[in-house]
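Here's the structure we're looking at; comments come further down.
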Amino acid sequence: MTNYESDLLRVLEQRGYIHQMTDAAGLDTLAAKQIVPGYIGFDATAPSLHIGSLVQIIMLRRLQQAGHKPVVVMGGGTTRIGDPTGRDESRKMLTDATIEANIASIRAVFDKLLTFGDGPTDAIMVNNHDWLGQLGYIELLQEVGTHFTINRMLSFDSVRLRLEREQPMTFLEFNYMILQGYDFRHLSHTMGVRLQMGGSDQWGNIVNGMELGRRMDGADLFGLTTPLLTTADGAKMGKTAAGAVWLNEDQLPAYDFWQYWRNVDDRDVGKFLRLFTDLPLDEIARLEALEGAEINAAKVVLANEVTGLVRGKDAAIRAEETARETFAGSGAGEDLPTLATGAEGMRIAALLTDIGLTASNGEAKRKLAEGAVKLEGETITDPAHLVLPDEGQTLRLSLGKKRHALVQR
């Protein structure tokens, strides 16, 4: 454990956020003596971010808790191009109206986790389309493009892997790293931002921006990345059989969000408590030391804390009550996902997918064949089974022991 002088790096290290830093000693000294504005960028490709982005959002929260200034950069400009990092194919192009609507929707989560305002350590949200959209392309190439070499750009994993797999990369996407680098330079030049943070896959883009700021302005900038976040079984964080775990309520009900955290692997409890909650480290140490059935109590704490931060305390309380009612068998649980079949009913395979218990009809058919689906406690195996509740009746649909939903007329 490094003996950092600043609260910022001490907290980030203790809680497991640090993977790489460009100049740990320099950043530590800076953060110990003055307010450091730091930013993370988020593209607006959907109406919600998912929990793969939550570690970055919480890291901005840690920055603010340590007395520094979080800058949230929404990629209104870069979303129009698409980050090739980690992708085998080009991203679907979105309309301006869709991007703006996505940004407005995503803002809700940041409002819960950060304090926005005009104070020195208050968070601000900016849209990189405000400056990228003003750049003439020829002027951009003249001013910025000379600081990038094709040799270096071709060496980045985001480009090299796509070429090795013979997947096409458009020239538009190839420009993404230039624009992200320009973001850091612009924020440094106009707002005094000194630090960019991001996931480990963004290391090359972050270093590009630092070097651009140094070459164009002589700026002394810093970069910090988080480890690739995987679960104990090696799976990528936030991916489930039913799809992504979205942060916004409109994309995923609070009960399902709560259940994701309640059902994590025992081995992940301590790590997730450190990364995703504000609980003191000594309390986390006590919780992760629990064994056997007692570890389930720690998982409930994890689910309540994360849901409380992201969805609000009331949502966490309702989700826990619903889980208690559901698993105790004493009630249906008001907060369970609910779907109305209409007067004609629905085939159970389609119903499982529409209600979100399975990601596709193919998966629904497999689960039915495995005997994993129950309707009102009775195992159903026929994908064509018609589900048609009586008027005013509510049926309980279950996938395995932990996932439940309600079906009504």
Side-chain angles (χ1 to χ4, degrees), residues 39-54 56-57 60 71-114 116 123-141 144-145 153 158-159 162 167-187 190 196 198-199 201-202 205 208-209 238-239 242-253 257 310 353-354 356 359-360:
Y39 93 94
I40 300 177
F42 303 87
D43 279 350
T45 56
S48 171
L49 301 173
H50 57 70
I51 63 169
S53 298
L54 187 56
Q56 310 303 328
I57 302 173
L60 288 172
V71 178
V72 182
V73 177
M74 295 308 304
T78 43
T79 299
R80 289 165 168 81
I81 295 173
D83 185 358
T85 304
R87 301 181 65 86
D88 285 339
E89 57 187 26
S90 298
R91 178 186 286 166
K92 179 183 176 183
M93 299 299 288
L94 302 178
T95 66
D96 290 358
T98 298
I99 292 171
E100 292 303 317
N102 288 348
I103 290 173
S105 178
I106 289 169
R107 168 79 191 226
V109 169
F110 287 95
D111 283 336
K112 291 186 173 71
L113 291 164
L114 300 174
F116 286 85
I124 60 173
M125 178 177 282
V126 295
N127 183 339
N128 67 11
H129 185 59
D130 291 346
W131 57 87
L132 295 180
Q134 304 304 312
L135 288 171
Y137 188 59
I138 299 299
E139 290 77 12
L140 172 69
L141 291 181
V144 178
M153 293 168 78
S158 59
V159 177
R162 186 84 72 85
Q167 296 283 351
M169 172 181 280
T170 67
F171 185 68
L172 190 66
E173 291 174 285
F174 192 61
N175 277 270
Y176 187 94
M177 62 185 77
I178 294 178
L179 294 182
Q180 185 171 327
Y182 185 79
D183 279 351
F184 199 177
R185 185 264 169 172
H186 174 85
L187 292 166
T190 61
Q196 183 183 358
D201 60 348
Q202 294 297 316
N205 288 332
N208 264 342
K239 298 294 185 182
V245 182
W246 298 102
L247 299 182
N248 283 41
E249 180 76 22
D250 289 347
Q251 277 66 47
L252 186 74
F257 185 82
V310 176
T353 302
D354 282 4
S360 66

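Note: hydrogens, waters and symmetry copies are ignored here, and every other heavy atom, side chains too, is used. Position 1 is the first residue of the sequence; numbering continues from there.
Between the side chain of Asn102 and the backbone N or O of Ala44, at least one donor-acceptor pair lies under 3.5 Å. Asn248 contributes a side-chain N or O that, together with a main-chain N or O of Ser105, makes up a donor-acceptor pair within less than 3.5 Å. Put simply, the side chain of Asp43 never gets that close to the backbone of Thr45: no donor and acceptor are under 3.5 Å apart.
Of the inter-residue distances, the one linking Leu179 atom CG with Asn205 atom CG reads 10.5 Å to the nearest 0.5 angstrom. A distance of 4.0 Å separates CG of Asn128 from OG1 of Thr78, quoted to the nearest 0.5 Å. The line from CD of Gln251 to NE2 of His50 is 12.0 Å long, rounded to the nearest 0.5 Å. To the nearest 0.5 Å, the span separating NE2 on His129 from CG on Asp96 amounts to 6.0 Å. Atom CE of Met74 is separated from atom CZ of Phe110 by 6.0 Å, given to the nearest 0.5 angstrom. Between Ile124 atom CD1 and Leu114 atom CG the span is 11.5 Å, to the nearest 0.5 Å.
In this pair, Trp131 and His186 present their aromatic rings parallel. The plane angle is below 30°, not in the 30 to 60° band.
In this model, no donor atom of one side chain and acceptor atom of the other lie less than 3.5 Å apart for Gln202 and Gln196. Residues Ser48 and Asp250 have side chains that never bring a donor and an acceptor to within less than 3.5 angstrom of each other.
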For this session: May I have the step-by-step check of side chain to side chain contact (heavy atoms under 4.5 Å, CB included) for Val109 and Leu49, ending in yes or no?
Result: CA-CA 9 Å; Val109 169; Leu49 301 173; over 6 Å; no
Problem set entry | side chain to side chain contact (heavy atoms under 4.5 Å, CB included) between Val310 and Ile51, worked out | CA-CA 10 Å; Val310 176; Ile51 63 169; over 6 Å; no
For this session: Starting from the C-alpha separation in whole Å, work towards a yes-or-no answer on side chain to side chain contact (heavy atoms under 4.5 Å, CB included) for Asp183 and Tyr39.
Result: CA-CA 10 Å; Asp183 279 351; Tyr39 93 94; 4.0 Å; yes
For this session: Begin with the C-alpha distance, continue with both residues' side-chain angles, and end with the deciding distance and a verdict on side chain to side chain contact (heavy atoms under 4.5 Å, CB included) for Leu60 and Leu113.
Result: CA-CA 9 Å; Leu60 288 172; Leu113 291 164; over 6 Å; no
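Checking Thr79, Ile106, Val73, Ile57 one by one against Phe42, the side chain to side chain contact (heavy atoms under 4.5 Å, CB included) holds for a single residue, Ile57.
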